[in-house]
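Each chain gets a letter, A, B and so on, in the order the sequences are listed, and its residues count up from 1. Quick note: numbers below take in every heavy atom, side chains included, and nothing from hydrogens, waters or symmetry partners.
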Amino acid sequence: MSAFANDLSLAAPEIWLALAGMAMLMYAAFRGDRGWRESVWLAVGVLAVALVILADRPMMTVAAFDGLFVSDGFAMFMKQLVLIGGMATLVAGLGYMKREGMGRPEYAVLIVFATLGMMMMISANDLIALYVGLELQSLSLYVVASFQRDSLRSTEAGLKYFVLAALSSGMLLYGASLVYGFSGTTGFTALATLFEGDVAVPFGLVIGLVFVMAGLAFKVSAVPFHMWTPDVYEGAPTPVTAFFSVAPKIAAMALFLRVMLQPFGELVGDWQQIVIFIAIASMLLGAFAAIGQNNIKRLMAYSSISHVGYALVGLAAGTADGVRGVALYMAIYLAMNVGTFACILAMRRDGRMVETITDLAGLSRTRPLLALVLGAFMFSMAGIPPLAGFFGKLYVFLPAIEAGLVWLTVIGVLSSCVAAYYYLRIVKIMYFDEPAAAFDRPMGAELSGLLLLTGLFVGFFFLLPEPLLAGAEQAAAALMP
Amino acid sequence: MTIQALAFYLFASVTVASGVAVVTARNPVHSVLFLILAFFNAAGLFVLMGAEFLAMILVIVYVGAVAVLFLFVVMMLDINVTELRQGFLNYLPVGLIVGAILLFELLLVIGSLTLGSSIGVLPAAPTPSVLDVDNTQALGNLLYTRYVYLFQAAGLILLVAMIGAIVLTHRSRVGVRRQRIAAQIARRPEQTVELRKVASGEGV
């Protein structure tokens, strides 16, 4: 097989997504708005096929396209999470799209292209490839955020996201140009070899690294670059918010890990304090700012900020165990968030979506099963054993302690106690408050199915953690040999 | 050599001057025209550096497409810039003072700051000698071989931008009377024209 054919086969999932996305565009063009439901299922199928193709790639680390693209165990694990997140949120949004007049086939096409961008980010092995993947993803996300173009809130969310994300892309590019200027290369492999041994790293390069980190921190919505998150989460259509809260976050976190640990792995002393700071700030802000929130989508935004903080604790450790913790955390986070958003999508009264927390009052009496599952997700997010969320936190805090970051861990545990307050408040409102009017039935087979799957995962992860742990272990081993 | 230097100073000074004019012109249409002048002179600078491909692209893309688009937008929108500028003079003294302080501080910091020299001379794509290949060819060689992945990805980004623009702005209006050529051609005289014999001296 020639080198180029080999490159193509390594990037086969991405190529498949690109081609299928364009084919879906043709379908959308000829079928018109009537075909939106089929296009969503088509997109789910396309992502599923990508998952199958992905599983067939070799596990070892191979670079392709002159080192621009890398395929390794870490990329495979993270790409699987992103694909699953994309499929789950597409399915979850079906009912919402139908009722809220969002039924246009371009939505599914854009989600496919966004997923493609994320997979390119995860596999990026060069600063240019990183940026190109990031832009493909962001551009699709701006559009889906303002997809309900007749809704003021949705368009505002899209515009806000666009302006702020463009700013952060600018910072990232500026940083990348400094890195290139001081090192003469944009390739991750070349950068990594450059820092080997005891070399004096120019100050300008460190400045560039800080700018790159700022750009990446924006993409994972870590404090102090989180300002856009609550507004965008609240304003965007709920299925889009569900997608935002899982897939792009996982992809950006994977990118963050790869950039920090592979090209700049030797500079751990230079970036570790920054990661520690943003981890602490994200955990604390996420915990305290969410207390006053009444809108459940805003609350989930702050909750996701604090989750990013916990995941960054694993990165701050800078060890293979830490990476395993982050990979596991993102997998569990995916399940919890998809489940919670499926519950939010079921919050519908008299044909209209309701979003405040008080609307959940007395849910245990009107919809006992829904209340049970949502309660389980809340306990899991708060990190209460034996639910899955506890293990996520455990596996990022342990490596941090082993790396000597005891204070960071203490702050993490304390802030998760604070966060437990608002998670448990939801449980209290559901179980002990006077019942409000019941939500509309039926909630839809697809939402029930998702709730069943994610609920089972979150509830019984502790019985069978080995497969996921082994996957995370392999991912970490690929990133930090 | 002197001619080159002269050309450089000519292009550079005109670029800077027209850049200033873009921001200060009262009439937005004049601003765009100055912008076009700036683009042309920047293209001249590129030619001086031996980057003739970039120069041509700058003229074609920026002058030919972007600036003309700006011109359309500016002419269509009714922006009263003088109204926006009101109060500019009132703020000027304070703005100047703040700017001067910032400049002073920046000079202090930068004066004592050394960024260090670059490490490792590892050019990602070493530039071939101009004598061997001219730079359009050199760009082509890289763009479609080494950077084919990025090239394709950039194409996808443009595709997504196009989808986005259409999705967010296109509205299908109802009650539009479109020209239907098939129906026009299929029309027969019998369907539309009625011939009547009108006796003279009487009405229809």
Would Ile157(B) and Gln137(A) satisfy side-chain contact (heavy atoms from CB on, under 4.5 Å), going step by step from the backbone distance to the final call?
-> CA-CA 9 Å; Ile157(B) 293 179; Gln137(A) 176 231 220; over 6 Å; no

Between Leu150(B) and Phe65(A), does a side-chain contact (heavy atoms from CB on, under 4.5 Å) hold up when you go through it step by step?
-> CA-CA 9 Å; Leu150(B) 302 174; Phe65(A) 297 110; over 6 Å; no

side-chain contact (heavy atoms from CB on, under 4.5 Å) between Tyr149(B) and Asp66(A), worked out | CA-CA 9 Å; Tyr149(B) 172 69; Asp66(A) 270 309; over 6 Å; no

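Other residues, nucleotides and ligands contribute only 12 or fewer heavy atoms inside 6.0 Å of the CG atom of Leu152(A). The local environment of CZ in Arg31(A) is crowded, with over 12 non-hydrogen atoms from other residues, nucleotides or ligands closer than 6.0 Å. In the displayed structure, Tyr174(A) atom OH is contacted under 6.0 Å by at most 12 heavy atoms of other residues, nucleotides or ligands. Under a cut-off of 6.0 angstrom, the local environment of CZ in Phe39(B) is crowded, with over 12 non-hydrogen atoms contributed by other residues, nucleotides or ligands. Crowding of Tyr62(B) atom OH: a count of heavy atoms from other residues, nucleotides or ligands under 6.0 Å not exceeding 12. Counting heavy atoms of neighbouring residues, nucleotides and ligands inside a 6.0 Å radius, atom CG of Leu102(B) exceeds 12 of them.
Atom CE of residue Met22(A) and atom CG of residue Leu159(B) lie 6.5 Å apart, to the nearest 0.5 angstrom. If you take CG on Leu156(B) and CG on Leu139(A), they are separated by 11.0 Å, rounding to the nearest 0.5 Å. Atom OG1 in Thr155(A) sits 9.5 Å away from atom CG in Leu168(B) (nearest 0.5 Å). Taken from CD1 in Ile163(B) to CG in Leu110(A), the straight-line distance is 5.5 Å, to the nearest 0.5 Å. With rounding to the nearest 0.5 angstrom, the CD atom of Gln152(B) is 9.0 Å from the CD1 atom of Ile15(A).
Residue contact with chain A, scored on non-hydrogen atoms closer than 4.5 Å, involves the backbone of Ala154(B) exclusively. Proximity to chain B (any heavy atom under 4.5 Å) is shown, for Tyr142(A), by neither the backbone nor the side chain. At a 4.5 Å heavy-atom cutoff, Val206(A) makes no contact with chain B through either its backbone or its side chain.
Side-chain atoms of Arg149(A) come within 3.5 Å of backbone N or O of Val167(B) as a donor-acceptor pair.
Within residues 112-131 of chain A, the residues having any heavy atom under 4.5 Å from a heavy atom of chain B are, by residue number, Phe113(A), Leu116(A), Met120(A), Ile128(A), Ala129(A).
Residues Ser140(A) and Val160(B) approach most closely at OG-CG1, 3.5 Å, considering heavy atoms.
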